[in-house]
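The structure appears right after this line, and notes come after that.
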Amino acid sequence: MGISGSFAADGETKTKSVPAQIEFRNVTKMYGQIAAVRELSLVVHRGEFVTVLGPSGSGKTTTLMLLAGFEAPNSGEIFIGGNSVAAVPSYRRDQGIVFQSYALFPHLTVRRNLEFPLEMRGMKANERAARVEQILRRVHLSDYGDRMPFQLSGGQQQRVALARGLIADPPILLLDEPLGALDRNLREQMQGEIKGLHKEFGTTTVCVTHDQEEALTLSDRIVVMRGGMIEQTDTPEALYDRPATKFVANFLGEANILDETNFPLEANGQPPEGTVAMIRPERVRLLGRAIPARVDAVQRQTVKVVVEEMIYAGPLRKYRVRIGNQVLVLREHVAAGQETFERGDEVHLDWLHSDMRYVRV
Amino acid sequence: MLIIRRLTQQPIVLALPALLILAAVFGAPIVQLFFKSFNLPSFSLVNYQAFFFQPANVRVLYQTVEMSLTATGICLLLGYPTAYLISTARTSVRVVLIVLVVIPYLTSSLARTYAWIVILGDHGLINNFLIDNGFISDPLPLIYNRFAVYLGMVYIMLPVMILPMVSVMVGIDRSLMAAAQSMGASSFTSFWRVFFPLSLPGVRSGCLLVFVLCLGFYITPAALGGLRDTMLSNFIYAEVSTSFNIPRVAASAFILLAVAFAMLWIVGLDLSGSHGLPGQSPKDERGRAAALIGRLLRSLSEYLISHRSKRWKSRRFRPERSGRMPEVAGAMFLASMISFLVIPGIIIVVMSFSDANYFQFPPAALSLRWYYQFFGDPSWDGALLASFQIGVAVTAIATVAGTLAAYGLARAHSTVRAAITMFMLMPITLPAIVVGIATYLGLLNFGLLGSKLGIILAHSIGGVAYAMVIVSATLANFDRRLERAAMSMMAGPFRTFRRISLPLILPGVLGGAVFAFIHSFDEVVITSLVSGLSIRTLPLKMWENIRHQIDPTVAAASSLLIVLAMIWLVAIYAAWWRTTSRTQRIAAEAQN
């Protein structure tokens, strides 16, 4: 049984809260003349983990601030669990937030930090203590309750921040660049931790990040933002494999935009108006001079190119190849007996037509 | 030989010049005073008994503590919200506000006390205005009472209270309050539970500074208070000037010191400046007392918990209309506090251009006659010149000795450093009258009373303390690897210091020099004890003029001192912020 279950047993103080649905309805937020968020409409379903992804200045942080109640929209409405929260101050929204800098209270012990949201909700001291012990166990920090935040490592602080966000079992949880301050190894470990906690608590979670890997691993759905507007919303797989626009294709992973002048694309039919062809580096195979006869040749595209550069990257080899006036980036896993190529080699690219996408410019 | 070489290689040797001056002028005599207060070698408590058997003395002692505590309390009540509002203002506004607080801070306290005589006096601004307009026929008793003393003390001490609090508050991460609110804490709760505890180090340093300085107040009670508002400094000063009975005076001085130390112990001052971290395990009684208060507050808040629970449930997702009232009230409060700090100075400057022989505001006609008077009268000129000569000499000694000491102490063992720092700061942390009496005795030993050199030495000990504190603060951010790098490139210790360390800590050295000069240029209490009436510095001349004949020449002198404070501010700005921002910029570029 998860801790949420045993918390519900306390009954009196607080019944287990149900994850809430979040809805943005035509929300606009202006800073002076500039719209940080423009006509944003979005529904985050109960228990869903949605990541808002975008470069800096895309409006993703403003979106989170609006949801948290630290900023008020100029127009439009936000609903949390069916309540319009336009004029509801942050401290009356039942929410958990994990801040980018963690915002652990430096003058309070880990235990008092964790107790804070419970105390604000009027939970009695003995219940608070039990609850804190439970969650400390859950994030593997049982022995650290009496430490001060500055006595913890970055990863431990992150776990306290997560625990503090979840301890009051809020219907929604907001994560602001939650793993930004951690090094690579720790980040992977914490991704697993966040996923596990989300599964266990089932809290509706909105995460804001510029880190595409974080977004791809954690989310049920990803919202890609650009210039204050939503560019595309979909599951991680769909976004990666079927990006709707060139921006999304480039922002999530690497993308090769194929210039029509260099490729005989008509074989696949005329590209739709206002689109370009795109293919992911790992969907392309490199072949030596000999092109084997293939049964599925009709579904394939083959082009002759020149290798400009080979970059050795452990299990991967990255190639930069030139065709006409264009340079493509390709990636191949090193496998036994596989041919490798050097600068200046003439090679053939080979891919399935179905792996190529037309994306809006 | 080896021992001597080892010894000279100890960094602490660099602190020797400063320590020697301090020991000779202040350290040895204060020990001497301590012995004399007990009539050693034949031990007796007669001097202390003499003090305590006089009910009048005990009343003065009680009054001194009472007035200091009250003034500190008022400063805290007014200063905390002011500091809070300053720290929350937009950066550009904040800079202006801080400047408006710093200018009075750098202005001579004599000039600032004089402003209140001009405003409150029987023929001062307020009474003249009221009489001229027929509201009253006889002047209101605004001056020479407790109220006037409090007004003057608070006016002088408010910047001392505000500045340390602002520096702490600016450093508090605002996202912590946002975090608290996201967890259900109202604006007030997030302030009280998060911001306030984090601002306490600033409150503590502000209160300590103000309280200890108040204990040593001499000018303000003498100038603005009546006979019943005597403080211990005035009492000791009177004792000194009527009968120089050193054992008696020494006993009074140590009683004042004991009060100061008792208060410091209660609030827990570590004079070396290393504050304990909040939440550290309580080690001594004081820590236990703090923990007890903490537990008490927590159990009180536990009483409210069921109320919180109800409120949380009823207000969850309830909208709230936020008005602009708090903002307006805050702005008005801040404006009135800043006016309180700035307007007396403006009045003095305007008055100094008056044509009249008496206080008239606004002046009927403008003239420069008081400035002609100031620069034309040899006694004013001489005082100004003497002050400048002494100030320059003090600045030179203090800057060199203070910088060397700070440099040496930064490399010394931390316990040694703490002890020496505490000793070296005594001239500016102990009540001025105590330092004055010790210095008097020290100069008497060397036969330097009433000489310029004597005054220079007397001022130097305070100047060294200022220079050392400020250079130490700069050294704290100084990366010692730079020195190692220089040494690895074959630069010897001296060249390393001259070419690498000194340019990098130069802003601190210049800031220290400015403060050392200000200290010397404004000093009244110590100077009047050791000058022996033969040398008159500008503050002494002003003080004499304020006490005996109130004519607006003092206003001209005070205005010049206010302008001087602004010049100092610009100098400090140029030395400090510009250089640091340049080095920071370079450092930032180097990192990219």
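By convention in this document, chain letters (A, B, ...) are assigned in the order of the sequence lines, proteins followed by strands, and residues within each chain are numbered from 1.
The main-chain N or O of F105(A) is found under 3.5 Å from a side-chain atom of N113(A) such that the two form a donor-acceptor pair. Formation of a donor-acceptor pair under 3.5 Å by the Q156(A) side chain with backbone atoms of S153(A) is found in this model. With hydrogens and angles disregarded, no donor-acceptor distance shorter than 3.5 Å links the side chain of R159(A) to the backbone of E193(A).
A pairwise comparison of heavy atoms in T203(A) and T205(A) identifies O-OG1, 2.9 Å as the closest pair. Between K60(A) and V52(A), the closest heavy-atom pair is CB-CG1, 3.6 Å.
Against chain A, the residues from residues 166-178 of chain B that qualify, each with a non-hydrogen atom under 4.5 angstrom away, are D173(B), S175(B), L176(B), A178(B) in number order. Among the residues in residues 180-189 of chain B, those with a non-hydrogen atom closer than 4.5 angstrom to a non-hydrogen atom of chain A are A180(B), Q181(B), S182(B), M183(B), G184(B), A185(B), S186(B), S187(B), T189(B). Against chain B, the residues from residues 61-86 of chain A that qualify, each with a non-hydrogen atom under 4.5 angstrom away, are F70(A), I80(A), N83(A), V85(A) in number order.
Counting heavy atoms from C-beta on, the side chains of D146(A) and V110(A) never come closer than 4.5 Å. For the pair Q134(A)/R131(A), a side-chain contact is recorded, criterion being any heavy-atom separation below 4.5 Å from C-beta on.
Heavy-atom distances place the backbone of L104(A), and not its side chain, under 4.5 Å from chain B. At a 4.5 Å heavy-atom cutoff, the contact between E119(A) and chain B is made by backbone and side-chain atoms alike. Using a 4.5 Å cut-off between heavy atoms, R193(B) contacts chain A through both its backbone and its side chain. Heavy-atom distances place the side chain of R128(A), and not its backbone, under 4.5 Å from chain B. Interface remark: E320(B) contributes backbone and side-chain atoms alike to the contact with chain A (heavy atom separation under 4.5 Å).
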From CA spacing to verdict: side-chain contact (heavy atoms from CB on, under 4.5 Å), D94(A), W312(B) = CA-CA 9 Å; D94(A) 196 353; W312(B) 169 258; 3.5 Å; yes
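Annotation: side-chain hydrogen bond (donor to acceptor under 3.5 Å, both in side chains) contacts involving residues 76-87 of chain B, sequence neighbours excluded, comprise Y80(B)-S199(B).
Contact check on E302(B) versus R308(B) returns no salt bridge, with no Lys/Arg side-chain nitrogen under 4.0 Å from an Asp/Glu carboxylate oxygen.
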